[in-house]
Number of protein chains: 2
Amino acid sequence: MAASMTQPTVDTPAEASSEVNRLTTGERELIAVFVQMTQTFGLPRSLGEIYGLLFASPQPLSQQYIVARLGISKGSVSQGLRFLRTIGAIQPVPDANERRECFMPVVELRALVGGFIRERITPQLSLWTDRTNNINLDDFKADEGAPPSPADIKLINNRLEKLKTWHQRAELVLPLMGKLIG
Amino acid sequence: MAASMTQPTVDTPAEASSEVNRLTTGERELIAVFVQMTQTFGLPRSLGEIYGLLFASPQPLSQQYIVARLGISKGSVSQGLRFLRTIGAIQPVPDANERRECFMPVVELRALVGGFIRERITPQLSLWTDRTNNINLDDFKADEGAPPSPADIKLINNRLEKLKTWHQRAELVLPLMGKLIG
DNA sequence: ATCCTGATTCAAATTTAATTGAACTCAGTC
DNA sequence: GACTGAGTTCAATTAAATTTGAATCAGGAT
């Protein structure tokens, strides 16, 4: 089978660095795009590298292969693949023959955005809401010194209410984002 | 004037830490909410602290006052206020009398989301698009070893086209996000 | 039961990003 | 035109996050 059909098995470190761990220009360029994206969203660059390599690869790739090809550690790839899987950015390819599991990218933007929001934003959202709801107007009275005027209290109250509408909007709109953008 | 009407002038470090630099429970709680938000979006916590303090303060605050109250450095506050201003999260309050400029928070979610997207995401978006458009199918041919099959080339091409639709969607939807969520 | 291969974990090392603060700039005052 | 007070800049520091890799685990084969 041609190299493009079967991924090389990585046996020795020597082989890994001389044969496998050299990216094509296209792979490098594509990976660079995804790295830039992940950085923009405050995600580790390894995520972009892994997803980028999968995106550039017609065949599903194993963890080992990714490690060898990108030249990053097993640990990073393991954690990276787990995260990508939880947000639905990659799919394991069932392959009874192979001992090791392989992955291919999910290329639907809807899935990625939806997964990211569901896994990373929404959980935080509930925390914000809870915290905000627990804030009491009395907590704004200084422990010592002059208390805030009634007008001040009123204004703070208005702002707290406003903040609660933020949460409501976010809880309404964010889950729809994936559908909207895909 | 009551303390709630005029912000104390900070003269000495001693005064700063003993008098000014003690947040009320309400301020601390509100700041914690905003800090949590900034962290979620990969922004520095100082942004959350500054915006949170402004949000909790009926009166516009000066840079000096914020420094003293939060106990963080002039540099951080200077940079933080600049960023918040560029995304439109705060507004300078014109005050001919005062030597120093004061700020109040913009509490419309629409403005914040819109500003963030405009200043941080959209500029990146063009970079992604350019980079992607510059990728050539030929770049995926391995420098040495077996070239990819026609089927592989076709699949990579499909993916590149898919990626371009991501950009189109993003360029269409992101600028609308502010309006949508506000 | 043991070995072997691939995957996972997590404390330590590294890298990256944020914060600090001293030096500097700028504008208004005396 | 030097002085003052507010604000900015940026190199050095500190803090936070990611990455590493040795130890460990899981499970299929011998």
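Owing to the predicted nature of the structure, the values given are computational and were not obtained by experimental measurement. Chain letters run A, B, ... following the sequence lines, proteins first, then strands; residues in each count from 1.
Atoms CD (A/E101) and C1' (C/dT8) sit 13 Å apart, rounded to a whole Å. Rounded to whole Å, the distance from OH on B/Y65 to P on D/dG7 is 15 Å. Taking atom CD of residue B/Q63 and atom C1' of nucleotide D/dG5, one finds them 12 Å apart after rounding to whole Å. Separating the CZ atom of B/R100 from the P atom of D/dT4 is a distance of 18 Å, rounded to the nearest angstrom.
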- For every nucleotide of nucleotides 10-27 of chain D, 5' to 3': is a protein heavy atom under 4.0 Å from its base (B), only from its sugar-phosphate (S), or from neither (-)? B-------SBBB-B---B

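Side-chain contact between B/I31 and B/L70 is present, with heavy atoms from C-beta onward closer than 4.5 Å.
Looking only at atom types and distance, the side chain of B/E29 has no donor-acceptor partner in the side chain of A/N136 under 3.5 Å away.
Under 4.0 angstrom from either OP1 or OP2 of D/dA6 there lies at least one side-chain N or O belonging to B/Q64.
Apart from B/L176 itself, the hydrophobic cluster it occupies contains nothing, where clustering links Ile, Leu, Val, Met, Phe, Trp and Tyr at side-chain heavy-atom distances under 4.5 Å. Clustering of Ile, Leu, Val, Met, Phe, Trp and Tyr side chains at separations under 4.5 Å places A/V93 together with A/M104.
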Could you tabulate the donor-acceptor pairs under 3.5 Å formed by side-chain atoms of residues 166-174 of chain A, not counting sequence neighbours?
residue, atom, partner, partner atom, Å
A/W166, NE1, B/V107, O, 3.1
A/H167, NE2, A/T132, OG1, 2.9
A/R169, NH1, B/G182, O, 3.4
A/E171, OE2, A/T129, OG1, 3.2

When the side chains of residues 47-54 of chain B are checked against the rest of the protein, which donor-acceptor pairs come out under 3.5 Å, sequence neighbours left out?
residue, atom, partner, partner atom, Å
B/E49, OE2, B/R45, NE, 3.0
B/Y51, OH, B/V106, O, 2.7

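Contacts between residues 80-88 of chain B and DNA chain C, defined by a heavy-atom separation under 4.0 Å, are absent.
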- Task: With side-chain contact (heavy atoms from CB on, under 4.5 Å) as the test, would you mind laying out the steps for B/R100 and B/Q64 before giving the verdict?
- Result: CA-CA 9 Å; B/R100 51 200 181 177; B/Q64 279 207 329; 2.7 Å; yes

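Among B/R22, B/R28, B/E27, the single residue meeting the side-chain contact (heavy atoms from CB on, under 4.5 Å) criterion with B/T24 is B/E27.
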